[in-house]
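Notes follow once the structure below has been shown.
Here is the naming used below: chain letters follow the sequence lines, and residue numbers restart at 1 for every chain.
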Protein chains: 2
Amino acid sequence: MTTPQLTKNQALVFDTLTKAEAPLSAYTILDKLRDHGFRAPLQVYRALDKLLEYGVVHRLESINSFVACAHPDENCHSHGLVAFAICESCGQVIEFHDHEVDHRLMGWLKSQKFKAEKSTIEIRGHCASCAA
Amino acid sequence: MTTPQLTKNQALVFDTLTKAEAPLSAYTILDKLRDHGFRAPLQVYRALDKLLEYGVVHRLESINSFVACAHPDENCHSHGLVAFAICESCGQVIEFHDHEVDHRLMGWLKSQKFKAEKSTIEIRGHCASCAA
DNA sequence: ATCAATTGCGTAATGCTATAACGTGTGCGA
DNA sequence: TCGCACACGTTATAGCATTACGCAATTGAT
Ligand SMILES: [Zn+2]
Ligand SMILES: [Zn+2]
Ligand SMILES: [Zn+2]
Ligand SMILES: [Zn+2]
């Protein structure tokens, strides 16, 4: 998927996520963009939907938040699973890919004749800095 | 973790989940239990918290729902990751465990000095019956 | 037996997350 | 010019989860 030119709203949301040091909720993004004319949640959600579609943003299901893709250049996303380690202290997210895990999971799913479409792999815990 | 005797509310919620053929949201559980005296979401959430703690119920983060554990007898949960395949047509959930995936993920996390505490692995798609 | 601490329960209020429904404007090809 | 697709703005609503308060039952010393 090649990323088309972003619209104004999409660019604002993407910028906000890119500059953030931790995942942001849709409503947090909304608050950060009020000065730029954002007034309603839907403006954020609509932009996020497109950014997710383009693959430049990920949604973290376990914390209802969004994060800019850490590997926008690699094309891993098209043929592999993405996993996230999320620090519950500082919020930092490490995004990673592992074809071994990928193959193993896909193999199991295939044996069950389950047709996979979307995947979520999220590990919550504490990062090296925060693990005291 | 050994499961203590369930309280009345906990047993009602657990029963509801056990009988269900698909994951249920907290509010759906609430509706199903109104005849048994449930009036507020908190009654459900409190019971769910305990059931999750005992490991007899799982939360599916990607669909904000809860499901009874499919392997209540095995003690896999204590030393391994749990994964779910969720059919978006019929709602059916397949719960499975794979030590290979487990080791691989944990190895990676260890290399990052990340201390894992909770994990979420959920694959959404279509089950064998629904995959037309 | 009594007191204190813990746990569960009931209710009301609130907060956070996400979508539905409606209408407007703009660009672009038929 | 018409029709269509798409982005946008606004209001209202739906869905998910927690905070806060008080009371009752249980437990476990003293
Ligand atoms: Zn990515
Ligand atoms: Zn951290
Ligand atoms: Zn289980
Ligand atoms: Zn199905």
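- The side chain of B:Asn9 lies closest to C:dG10 when the candidates are C:dG10, D:dT11, C:dG8.
- Across the protein-nucleic acid pair, B:Asn64 atom CG and C:dC16 atom P stand 16 Å apart, rounded to whole Å.
- Rounded to an integer number of Å, the gap from CD of A:Glu61 to C1' of D:dC16 is 14 Å.
- At the heavy-atom level, A:Arg46 lies under 4.0 Å from base atoms of the strands shown.
- Put simply, A:Gln43 has a side-chain N or O that comes within less than 4.0 Å of OP1 or OP2 on D:dG9.
- OP1 and OP2 of D:dA7 both lie 4.0 Å or more from every side-chain N or O belonging to A:Lys8.
- Evaluated for a side chain to side chain contact (heavy atoms under 4.5 Å, CB included) with A:Ile86, the options A:Ile94, A:Val67, A:Ile63, A:Ile123 yield exactly one hit, A:Ile63.
- When distances are taken from the side chain of B:Leu42 to each of D:dT10, C:dG8, D:dT18, the shortest belongs to D:dT18.
- Toward the 5' end of DNA chain C, the nearer of the two residues A:Tyr45 and B:Gln10, judged by each one's closest nucleotide, is B:Gln10.
- The distance between atom CD of B:Gln5 and atom C1' of D:dT27, rounded to the nearest whole Å, is 16 Å.
- One can place CZ of A:Phe38 at 14 Å from P of D:dA7, the figure rounded to the nearest angstrom.
- What separates CG of B:Asp49 from P of C:dG8 is a distance of 11 Å, to the nearest Å.
- Crowding of A:Glu117 atom CD: a count of heavy atoms from other residues, nucleotides or ligands under 6.0 Å exceeding 12.
- Distance check: A:Leu51 CG to A:Phe66 CZ gives 10.0 Å after rounding to the nearest 0.5 Å.
- In this structure, A:Lys50 atom NZ and D:dA5 atom P are separated by 13 Å, rounded to whole Å.
- The distance from atom NE2 of B:His36 to atom P of C:dG10 is 13 Å, rounded to the nearest whole Å.
- Of the residues in residues 20-34 of chain B, those lying under 4.0 Å from DNA chain D by heavy-atom distance are B:Ser25, B:Tyr27.
- Side-chain contact check for A:Ser62 and A:Glu122: at least one donor-acceptor pair (N or O, by modelled atom type) lies under 3.5 Å.
- Close to C:dT7, at under 4.0 Å from its OP1 or OP2, lies no side-chain N or O of B:Thr7.
- Annotation: B:His58 is in aromatic contact with B:Phe84 [ring centroid separation under 6.0 Å].
- Summarising the geometry, atom CZ belonging to B:Arg124 is positioned 14.5 Å from atom NZ belonging to A:Lys115; distances are rounded to the nearest 0.5 Å.
- Between the C1' atom of D:dT18 and the CD1 atom of A:Ile63 lies a distance of 18 Å, rounded to the nearest Å.
- With no hydrogens or angles considered, no side-chain donor-acceptor pair links A:Glu88 and A:His126 at under 3.5 Å.
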